[in-house]
Every structure is written in C-alpha cells, then in structure tokens.
Amino acid sequence: MKHRSVYRLKLAVCMLLTATGGVKAQELVPYKNPDLPVEVRVKDLLQRMTLEEKVDQLNMKSLNALQTDNAGQVTDSSLVRLFRGRSIGCLESPFVEHHKVALYAEAADHYLRTQTRLGIPAIQIAECLHGQMALGTTIFPQAIGLGSTWNPELIRQMASAIAAEASLSGVDQALSPLFDLARDPRYGRVEECYGEDPWLVKEMGVAFVTGMQGEASQTRSGIAEGKLACTAKHFVAYSVPEAGINLAPSLVGERTLRELHFVPFKAAVQEANVYSLMPGYHEVDGIPVHASHWLLTDVLRKEWGFGGYVFSDYGAVGMLDNFHYTAADPSESAVQALTAGVDLEAPGSYAYGHLENLVREGKVPEALVDSAVVRILRVKFKLGLFERPFHYSEKKAKAVVHRQEHVDLAQRIAEESVVLLKNQDRTLPLVRNRLKRIAVIGPNADKVQFGDYSITKNNDYGVTVLEGIRRYAGKEVEVSYAEGCGITSLSKDGFAEAARLARESDVVVLVLGGTSVIYSGIGWGDANSKEVNTCGEGYDRNELNFPGVQAELLDLVSGQGKPVVLVMLNGRPYTIPEEVKKVDAVLEAWYPGEKGGDAISRILFGEVNPSGRLSVTFPPTTGHISMYANHKPSGKGYYRQRGTPQKPGRDYVFSSPDPLFCLGYGLSYTTFEYSQLEIQNHMASKGEVLVSCMLKNTGDVKGAEVVQLYVRDKISSVTTPVKALKGFSKVELNPGESRKVTLVLKKDDLKLWNAAMDFVLEPGDFEVFVGASVEDIWLKGNFKVE
C-alpha cells in the first residue's frame, strides 16, 4: 500500500525519539504511555470511548474478508469495507500460507492504528492446537498423541515453538489448548484432548500454556514478544455429551464438575494464568454454558480469580435463540450471554451488535458493557499491542518458521507418543538383516494423517508410513505396497493384491485407522468425497470399530501365515479385541504429525524404543462406554468382602467390565523393575507426602518408563475413586541403570468435596500405588493423615 512506507518511517522516528528522550513519555496521552500501569491505561482509554466504540471491542471480524491486488498487496477498498473506520476486538487469522497471514495482519494493523479515531489495535487469534493453522508451519502430533507422551516438558517446548512461528505472522492469541477430559470415545473431538484423567490433562495443559504464554510469574504483568496468549477451552464438561454427540447436554452435577472437570481449568487459571477462556456449545444442568452466570462469573471469576476475558465459541451466543431456545431473539441472547460473563462474541456481531440499542433503551447497563471492554483492553495492553505495531520480517520468518529444530522436535514428540500395545514373541523390533521383503498394506499406509485443526492432508507436507519404512529398511530389503481398501469405502477390489503381497513377504506392516477433517467445524467437509471423515469436530460415531471394510482386510492379511504388525493412525480409541488377537504386534500412533512416518519406522526397526503410554482407556466394545480408570468403588459392579471380589450379578451378563487396554498402559523393548517404596509423611509439618521408589532398567536396551502414582482414600465421607492419578514421571535409563524417583503429594491432592461441598482434607488412612499403569501396580503402601 502506497502510504505504508511513510507510516513506518513516522512510527520508527517516533519510537526512536521516545527511546532517546526526544519525546517524553509523559507527553503521550495516558493510554499510549507504556510507562503507566496497565489499569491506569485501561481506565483512561475507556473514558475516551463512545458506546459504539465500546461495543466494537466485543466483536470479531475475519481477515479472510481482505483482498489483494495484482501486485499481491491488500487493497484499501477491502480494508474500508471490513472496518469502515471502526476498531474491533479481535481478528480471525485466515487459513492460508504463513506469509499471507502476515500480509493481511500488517495491513489490518496499519489501518486500525491510523484510520480509526483512537487507534486501538485488534487481537489476532489463530488455531494453534498442534501447530499454527497456516501452510508452511510445523505440524506437530495431534493432542491425543501429545497426551500419550506423558512428557509435559516436550509439550512446553512445542507450545513455545508454535508461538515463535505464529507470532511472526501477526498472531497474538491461540485458540488453544483444550482442557476437556476425553471420557467418551464416541465423541469426535477426543483427538483434540490430552486424555481422560484430570491430573494428566492438568499437567499437559499447564505445560502448553506456560510454553506458549510464558511463566505465570511473568505473564501477570505482560506477555513477551514471540509469545501468544492462550485460550482454555471448552469450559466445562463439554467432552462428555449425552450419547457422545457433539453439542448435546452434559449430564453432570456440581460434584462431578468439581471433582473432575473443574480440576484442569482451575489450574489453567490459577497456575498458568491463562489469558482467555472459551465456553462450550453445550448445556450443563439445563443452562447453556454461554448463559451460565454461575459458571462464568461465580466460579470462574469470583471463586478462581480469573482476570482474562471470555471468548465465545463460534456462533454460540446466537445458539441461545436458535438452538437452545432460552432466548427469543438475538437481542435476548446478547443480554443472557453478556450478563453471564461472555465478553466477546465470535464471529461477527449477530447478538452483540444489538448492545448499543439495548443500552440506550435501558435494557442493559452500560457498566456491564464497560466490564467486558475492560477485560479485553487489559489483555491488549498486556500483549503489548499498543507498543508493538506489527511488521512482517521475511528474513526472520525464514529463520524461524519450520526450522529444523522445530521439525526435529515434532519427530521426537511423535516418537514418544507412539504406544506399543502388543508385541507377541518379540515381533518388534524388526531386524533388517533377517528380512528380504516387507509388505506395507492399508488405506493409511501412504497417506499423511495430521488430524483436525490442520490446514492440509497433502503428502507433500509430511512423511507417510510407507515413505518412512522405505527410508529405514535399507537397500537390501524390498518394500512393496498395496492400499487394500479405502478408509471408509466398502470396495474390496484391492483385497487380492494385498493378500498376494502378504503371502510373498517376510512381514506385513498393516496401516489402518481413520481420517479427520482439515480446518474444523460442524458438518464441514465434502459430502461427495469417496472418503468420509471419521473423527474430528462434528464427527461422532456410534460404533468404534475400524471404518469401512478395514477389519475384513485385517482378517485377510492375517490369514496369510506371515507376521503382521498393525499400525493405527486414528483420533480415538477403537473397540478391537478380536483384531488384536489376530496380529502379532500393535502400535497406536494416533495422528503423529509431519514426521510421523519417520517416527513410526524408527520404532519398527528399533532405532527408538517406544515410550508412549495410553492417556485414555480402550473399551472392548461400544457398550462398555463410559469407561475410565478413576471410577468409584461401585463402578465395576462388584464389591469386596473380606478382601475377595464378589460378583453379585451387577455387571455385564456376557462380558467382563474390564478394559481392553487401561490408562497408562504401554509396552517397551526393555523391562523395568520397581523396588524400595518409601513414604515420607510430612503432611503435618510441610503439607506434603513424598513417595519414592527405585526404578531399574533390567533389559538390554535403553528405554523410558512412566512411573505412575495413584492414591486411594480408604474411608471417606463421600465416595472417592478406587485409584486416582496424582503424579507421574517419565524416566529414561540405560541397561542396568537404576534411579530413585520421587513424587510429591500436596495437601490439595488429598482433599475431597464433602457433602456440604466444602473442599477439605479429612483425617484417615490413604493407600498409594506405584507402577507402570493403573492396573500394573508394583508397589503399595499406606500413610495416615491426622
């Protein structure tokens, strides 16, 4: 744009003069003075704003509306059409190439600073669940795989890398991460969750926020350059909808909320200082969350002290009148949402566009609008938007975006996310010099599967399993390939070729699973495509078997008399007890990101020892849902009498209530031994209990073990779980190496919500369990709280 170079020069001169004392900070209007406290600047700006300008801050527009000319520059006319001389609260990042995001962002930022009355910049938001959703950025494994690493430090590093890349395109805030609990695998957004357990989700989510935003001790005053504000979503219990259907009511009460679903969100607010929060589309106890004053104000702000702003889910405010029917029209939806505590409506202004008239008519106090505006402006000041006009640096972007360090991190995370579920007769790792032919078969063998909230499914942007195997098999091993069938297609035309290759091979790598939407959204995707999306937002399933005829392909291939290694690329647990029996080894790889093919191949050939552990329970059938580790004593339908399990007919007639694979489960190419449990009870003096043990690698290869700590309150005034995860540590050991592992139990870790709904620590006996999964317990002990 012709005026932008002049603007840049003036701005640079002004900033230089300010830095050298040529323009005294005190001569600036208060809200533009970076030396003043944020609250002073917010108050000054608010009192200068008209009602119209205040309402504008409560809405979002999309940069997708901008257009470029033949020279590739954003046109003035499209900027005028989008903004019309008015500021805005947030701008949605377009789903395009990284440098194009930056082009749009720079033009919009320039316009808002120079062509609106007060020059208020907007917060640019973007999807950053497992990488910025812009073409050319690093694609990390999907969230369900991240949870399976049980390695918060890796997630912290990943979030920091995503922030570094996204910030260079003008992004200020990520609509990530999810703090939802994945407790119903029918629900399509399980893939976006870290796992089923509140403790695990808390640890992973807090690591993501601190990696992306910065440490809470720093972000309470502001966010550094190169970091992004985070959005905790979806508040709350969104991931346990009735019948597993997205948007359906969540049938939970206050006790369940406080014991389970509040736990990670409270940590996001109080430990990680998350800047924004997004409510879910659903209802809780008959009240849509976007209209729940109790959840958004009483709990979130008054009880927990949340100081950020509430960002509506897309279209959710309008759903109050066109989906939930608690409001008669958009105006009433606006009143309900704003009164409940929703600060910004996204996208557009379907409901909040009526607020100006509602205030003038006396139906909404202007003070209520002011409160929402203050929360948004506070974040803008803490982000440094008024001091940091956005300018794209192609040189810096080339040095940071998709750099090798980030790609290597994506591969390491993928390697730690893969879970070895079965390894009969040590089928894995494969030994190159014992193989002449490998058959790679299956609909996901030569397809990248990145998962929802990715911008592409193009193989050019990632490594497939087939490509990875060909790379690592070596020149002496022949690798043949057959698709066999489609992911959801019912055609068996490829079966004969798959069977032939299997018979002629020394080993078969069978790559099955699902596929998820790119972008996101309810019902998005091409209805005429030969492949139907099987997972992701709005893609819930009533059955959790392999889609299409994949199970029949597995039967055919496993019947050819050759060892079969099943590799699954998918976004949710599958109910596959019979299929597991028919193969020799099973790898759960989830959606492993752009380096997934390399990571899986390195595990197959033993260059990497698998260390992933399940973050969700695998039910044997859909009828077993919901199934999770921290169930209550009566949750399995039997009771204990004099130490012996009794089954009075209160579980399934034709099936055990036990899982196919449990929380924390995962095999290794080595073995570990736990010993010397030690419990140091300092609860009375220091408010903590130290639980330690010795861990030894008793095998012949290097490996990592996830030491897991579970706790049981033996007698309590209300029911508590039979085993509740309260700590874990991922420990890597060389063959024969031993290490002492210590986990800390804090006072709050042992508290419960009593009958009066008070959070208390009751005196009594507690039992601790230390082991490799919730079911593979090696050490047990007790301590008492007086």
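Numbering of residues begins at 1 and proceeds along the displayed sequence.
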Test side-chain contact (heavy atoms from CB on, under 4.5 Å) on Phe311 and Asp343 and set out the steps.
CA-CA 6 Å; Phe311 187 109; Asp343 298 313; over 6 Å; no
Evaluate side chain to side chain donor-acceptor pair (under 3.5 Å) for Glu215 paired with Thr210, printing each intermediate quantity in order.
CA-CA 5 Å; Glu215 295 296 328; Thr210 54; 4.6 Å; no
Output all residues satisfying side chain to side chain donor-acceptor pair (under 3.5 Å) with Thr515, sequence neighbours left out; order by chain, then residue number.
Gln449, Lys457
Between Trp590 and Leu569, is a side-chain contact (heavy atoms from CB on, under 4.5 Å) present by the stated rule, with each step listed?
CA-CA 5 Å; Trp590 305 114; Leu569 303 183; over 6 Å; no
Could you give the distance from OG (Ser417) to CD (Gln142), rounded to the nearest 0.5 Å?
11.0 Å
Residue pair Tyr309, Gln173: steps toward the side chain to side chain donor-acceptor pair (under 3.5 Å) verdict:
CA-CA 12 Å; Tyr309 78 104; Gln173 177 180 330; 2.6 Å; yes
Donor on one side chain, acceptor on other, His406 and Glu165, under 3.5 Å
yes
With no hydrogens and no angle check, just 3.5 Å: does a side-chain donor-acceptor pair link Glu588 and Asn570?
yes
Do Ser167 and Lys227 pair up side chain to side chain, a donor and an acceptor below 3.5 Å, judged on atom types alone?
no
With a 6.0 Å cut-off on ring centres, are Phe450 and Tyr591 close enough?
no
Just verifying a value: how many Å separate Glu225 CD and Leu383 CG, rounded to the nearest 0.5 Å?
12.0 Å
Of all pairs that satisfy ring pair (Phe, Tyr, Trp, His ring centres under 6.0 Å), the ones with a partner from residues 115-141, not counting sequence neighbours
none
Distance-only donor-acceptor check, side chains Asp69 and Thr75, under 3.5 Å
no
May I ask you to check whether Gln132 and Ser169 show a side-chain donor-acceptor distance below 3.5 Å?
yes
Where do Asn246 and Tyr238 land on the side chain to side chain donor-acceptor pair (under 3.5 Å) test, with the steps shown first?
CA-CA 8 Å; Asn246 191 40; Tyr238 180 56; 2.7 Å; yes
What's the separation between atom CZ in Arg189 and atom CD in Glu191, rounded to the nearest 0.5 Å?
9.0 Å
Side chains of Asn533 and Ser516 only: does a donor on one sit below 3.5 Å from an acceptor on the other?
no
Distance only, no hydrogens: is a donor on one side chain within 3.5 Å (strictly under) of an acceptor on the other, for Ser87 and Gln57?
yes
Under 3.5 Å side-chain donor-acceptor pair for His402 and Glu594
yes
Could you walk me through whether Asp446 and Thr464 pass side chain to side chain donor-acceptor pair (under 3.5 Å), step by step?
CA-CA 5 Å; Asp446 197 27; Thr464 69; 3.2 Å; yes
Regarding Asn64 and Ser62, do their side chains bring together a donor and an acceptor under 3.5 Å, going by distance alone?
yes
Quiz item: cation-pi between Lys233 and Tyr453, 6.0 Å / 45°
yes
Contacts of type side chain to side chain donor-acceptor pair (under 3.5 Å), residue Asn59, not counting sequence neighbours
none
